[in-house]
Structure formats: C-alpha cells, structure tokens
Visitor: 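Mind looking over this structure? Questions follow.
As the structure lists them, so they are numbered: ligands from 1, and atoms in each ligand from 1.
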Amino acid sequence: MSIKTPDPLVITIDGPAGAGKSTVARMVAETIGLPYLDTGAIYRAIAWWLNGMGIDPSDENGIRKALPCFSVSLCGSGISVAGKDVSKEIRGTEIDKIVSLYAAHKAIRESLLDLQRKQAADGLVADGRDMGTVVFPDAGLKIFLTASAEERAMRRYKERVSRGEKVNYEEILKQVKERDLYDINREEAPLRPASGCIILDSTSMTIKEVVDVIVSLAGEFGANDRN
Ligand code: CDP
C-alpha cells in the first residue's frame, strides 16, 4: 500500500530498549512512503566515536570540546562517522553498555537537534526516546511503543543469536533494564510518553500487527491512501 500525505507528516515512535521501534518504524516508513530516521543509531555512533577517542562519559569538558568535530552521515540504513561505515560496530553489546551514559549529556543532545529536525522537511518516521517530547513535539502522530522487559530482552537475544553472536539472555535482560532506568531518570529529555501520544504495548503483538495499527492510525492522522 502506498499512502500520500497532504502535508509533510511526521510520525514519532518512542519507547524503551528493544521494543521493536526500529523494525516497526522502518516498515511503517516504507509502507507510507516516508523517509525513516533511526536516532538511536546517531546516539550509538556518537558514543562509539567518543569512546574510541578515550573520552569518558564522565568527562563533560572533553565531550564539549570534541563535539564540534563530530561528523556523521546517514545513508539509507547505514551510518558513517568521519567517512567510516560504523553500522555494525554500533550494534554490539559494548555500545549497549555505554550509549545511555553519553546520551544523558545535554551538550550531546543539543548538538543533534538540528541534524534530526532537518531530516523532516518531506515528512518522516523517526524513532528514539525523545522524538515526540522534544525533537518533534508537533508531530502529526506520536506513538509510545513498549513491551515487557522480558519480552524485549528475548527479542534482542534472538536478534543477536541470529547474527551468530554468543550472548546470554540474563545479561541482555539486565542491560535492557539498566538502560531503561538510565533513560527514564536522566534530566535531559527523559524517556516518557509524549503528550497526546498513543501507547502501544506490543508484548503479545506481532511486528506486522504493530505496523498495521500505526499505518491505519497514520491514515486517520492525515495520510490518504493513494490506491
Ligand atoms: O534499539 P534500542 O532500543 O536498543 O536503542 P536505540 O534506539 O538504538 O538507542 C540507544 C540509546 O541511545 C538509548 O538507550 C538512549 O540512551 C539513547 N537514545 C536517546 O537518548 N535518544 C534518542 N532519541 C535515541 C536514543
């Protein structure tokens, strides 16, 4: 199905770690014919870059000084930092462990605001933690996608196993819970449902069911079926 949007339609999908936001957002974007923005990938890339330079998440000064040199480019589902494709590196457990520590920094979040907003000129499906609350508060449709921590950890576990990684479910569950706590309790752009959002609990839903609900909501919120 292809859908025509009268005005640039922005759909935000926020939620905790491993809720399936990226997969769902990508499929919704494809179905409706909108660009897709994975903001988690940008935070992961910045964490990978700072960590690689030996700049600790506690080094506020070092982070502030380094930020003007951060050069990221988004290309389809890929992401590069200073010309190097880091799409794979940023998905490992090493980055899972540290990304929230860097993402809590005000300076980092502010430095990424323009970059994110510029992507929305032709409409957008964007997923992350603060899409509906901070980056696109006027979005036409805001979704908060969640699921039980156990289900989210199991999804992440299966995803990693299918990539041939040796992973431990309990360890992933612990990390998912830790990251949520950090993202929810930080001062800057904490993870929480945006005002006017629709909360979807996907614990017992398939990806297709979630995508269908959001696409149908998008129709109600300003997208028209072209067919
Ligand atoms: O895919 P998953 O749910 O594991 O996480 P992600 O979307 O790749 O985001 C990784 C981390 O980046 C999150 O745990 C947040 O700490 C941070 N993040 C953020 O602070 N704001 C966003 N808009 C997106 C991600």
Visitor: Does the Arg109 side chain pair with the main chain of Ala104, one donor and one acceptor, at a distance under 3.5 Å?
Guide: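 No; judged by distance alone, with no hydrogens or angles, the pair does not exist.
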Visitor: Run the numbers for me: atoms of ligand 1, each under 4.0 Å from some heavy atom of Met131, listed by number.
Guide: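 Taking each heavy atom of Met131 in turn, ligand 1 has 23 (N) under 4.0 Å.
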Visitor: For atom 17 (C) of ligand 1, what's the nearest protein heavy-atom neighbour? Residue, atom name and distance, please.
Guide: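 Nearest protein contact, heavy atoms only, for atom 17 (C) of ligand 1 is Ala103 CB, 3.7 Å.
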Visitor: Are a donor atom and an acceptor atom from the side chains of Ser202 and Arg155 found within less than 3.5 Å of each other?
Guide: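 Indeed, the side chains of Ser202 and Arg155 share at least one donor-acceptor pair under 3.5 Å.
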Visitor: With only distance considered, is Tyr43 within less than 3.5 Å of ligand 1 through an N or O on each side?
Guide: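 So ligand 1 has no N or O lying under 3.5 Å from an N or O of Tyr43.
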Visitor: With nothing but distance in play, are any N or O atoms of Arg186 less than 3.5 Å from an N or O of ligand 1?
Guide: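 There is such a contact, yes.
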Visitor: Report yes if some heavy atom in the side chain of Val10 is under 4.5 Å from a heavy atom in the side chain of Pro8; otherwise report no.
Guide: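 Sidechains of Pro8 and Val10: no contact.
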Visitor: Ligand 1 and Ala19, any nitrogen or oxygen pair closer than 3.5 angstrom?
Guide: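 No - when backbone and side-chain N and O of Ala19 are compared with those of ligand 1, no distance drops under 3.5 Å.
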Visitor: Suppose we measure from atom 24 (C) of ligand 1 to each protein heavy atom; which comes out shortest, and what is that distance?
Guide: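 It is Thr39 OG1, 3.4 Å.
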Visitor: Quick test: of every protein heavy atom, which one is nearest to atom 5 (O) of ligand 1, and how far off is it to 0.1 Å?
Guide: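 Here the nearest protein heavy atom works out to Arg129 NH2, 3.1 Å.
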Visitor: Just jot down the ligand 1 atoms closer than 4.0 angstrom to any heavy atom of Asp183, in number order.
Guide: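 The atoms of ligand 1 under 4.0 Å from a heavy atom of Asp183 are 13 (C), 14 (O), 15 (C), 16 (O).
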Visitor: For the side chain of Lys21 and the backbone of Leu145, is there at least one donor-acceptor N/O pair under 3.5 Å apart?
Guide: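 Absent.
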Visitor: Show the nearest heavy-atom pair for residues Ala47 and Ile98, with the distance to one decimal.
Guide: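 Taking Ala47 first and Ile98 second, the nearest heavy atoms are O-CD1, 4.3 Å.
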Visitor: Are more than 12 heavy atoms, taken from residues, nucleotides or ligands other than Leu115, located less than 6.0 Å from that residue's CG atom?
Guide: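 Buried by this count: over 12 neighbours within 6.0 Å.
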Visitor: Can you tell if the side chain of Arg44 reaches within under 4.5 Å of the side chain of Ile79, non-hydrogen atoms only?
Guide: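 They are not in side-chain contact.
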Visitor: Pairing donors with acceptors under 3.5 angstrom, does anything connect the side chains of Glu60 and His105?
Guide: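 There is such a pair between these side chains.
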Visitor: Looking at ligand 1, does any of its N/O atoms fall within less than 3.5 Å of an N/O of Arg156?
Guide: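 Min N/O separation from ligand 1 is below 3.5 Å for Arg156.
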Visitor: Identify, by atom number and element, the atoms of ligand 1 in contact range of Gly18, meaning under 4.0 Å from any of its heavy atoms.
Guide: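 Answer, ordered by atom number: 2 (P), 3 (O), 4 (O).
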Visitor: Does a side-chain heavy-atom distance below 4.5 Å link Glu188 with Glu110?
Guide: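 Answer no - side chains too far apart.
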Visitor: When rounded to the nearest 0.5 angstrom, what distance separates CG in Asp130 from CZ in Arg192?
Guide: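 Between Asp130 CG and Arg192 CZ, I get 10.0 Å after rounding to 0.5 Å.
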Visitor: Identify, for atom 21 (N) of ligand 1, the protein heavy atom at the shortest distance, and state residue, atom and that distance.
Guide: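 Protein heavy atom at minimum distance: Arg109 NH2, 2.9 Å.
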Visitor: Tell me whether Arg152 reaches ligand 1 (any heavy atom closer than 4.0 angstrom to a ligand atom).
Guide: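 Heavy atoms of Arg152 never come under 4.0 Å of ligand 1.
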Visitor: Looking only at protein heavy atoms, which one is nearest to atom 10 (C) of ligand 1, and what is the separation?
Guide: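 That would be Arg179 NH1, 3.4 Å.
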Visitor: What atoms of ligand 1 come closer than 4.0 angstrom to any heavy atom of Arg44?
Guide: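 Those qualifying, in numeric order: 2 (P), 4 (O), 5 (O), 6 (P), 8 (O), 10 (C).
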Visitor: With heavy atoms of Lys21 as the reference, note each atom of ligand 1 found under 4.0 Å away.
Guide: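 It comes down to these atoms of ligand 1: 3 (O).
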